[in-house]
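Please read the structure below before turning to the comments.
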Amino acid sequence: MEGKLLLLIEKLQAAKDIAEQSDKMRMAAYFLDMAIVEAEEELDLLVSDRRDEPKLRSDY
């Protein structure tokens, strides 16, 4: 899941970079930036939840 989110963030950033090159695409760039922030927050939650999971003992 993390890999998919990272790929999504990368693609959204590329689309935002293209949109920022045109004055007519300012609103699209803004919405893409919002989507990037949401995806980054989701990634942070995913990583945080994984860190909070109890560790299984493997020395049994």
Side-chain angles (χ1 to χ4, degrees):
M1 182 69 165
E2 290 173 32
K4 289 181 181 182
L5 278 172
L6 289 170
L7 183 60
L8 175 64
I9 292 167
E10 184 179 312
K11 288 182 178 188
L12 288 169
Q13 186 62 53
K16 179 186 165 205
D17 292 344
I18 292 169
E20 287 178 334
Q21 294 175 6
S22 170
D23 286 337
K24 294 179 182 180
M25 299 293 289
R26 280 189 166 180
M27 188 58 73
Y30 173 75
F31 287 132
L32 287 163
D33 192 46
M34 288 176 49
I36 292 167
V37 169
E38 288 293 322
E40 289 173 340
E41 288 176 353
E42 188 67 29
L43 181 61
D44 288 345
L45 283 173
L46 191 65
V47 170
S48 173
D49 287 347
R50 192 175 47 157
R51 262 190 267 139
D52 292 341
E53 289 179 358
K55 302 282 189 245
L56 295 177
R57 293 188 60 173
S58 61
D59 57 345
Y60 288 111

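Computed from a predicted model, the values in this text were never measured in an experiment.
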Please, which pairs that meet salt bridge (Lys or Arg N to Asp or Glu O under 4.0 Å) have at least one residue in residues 3-13, sequence neighbours excluded? none
May I have all residue pairs that pass salt bridge (Lys or Arg N to Asp or Glu O under 4.0 Å) and include part of residues 35-47, sequence neighbours excluded? none
side-chain contact (heavy atoms from CB on, under 4.5 Å) involving D33 - partner list, sequence neighbours excluded: K16
Please write out which residues are connected to M1 in a hydrophobic cluster, directly or through intermediates, given that two of Ile, Leu, Val, Met, Phe, Trp, Tyr count as joined at side-chain heavy-atom separations below 4.5 angstrom. L5, L6, L8, I9, L12, L32, I36, L43, L46, V47
Pairs flagged by side-chain hydrogen bond (donor to acceptor under 3.5 Å, both in side chains) wherever residues 17-30 is involved - sequence neighbours left out: Q13-D17
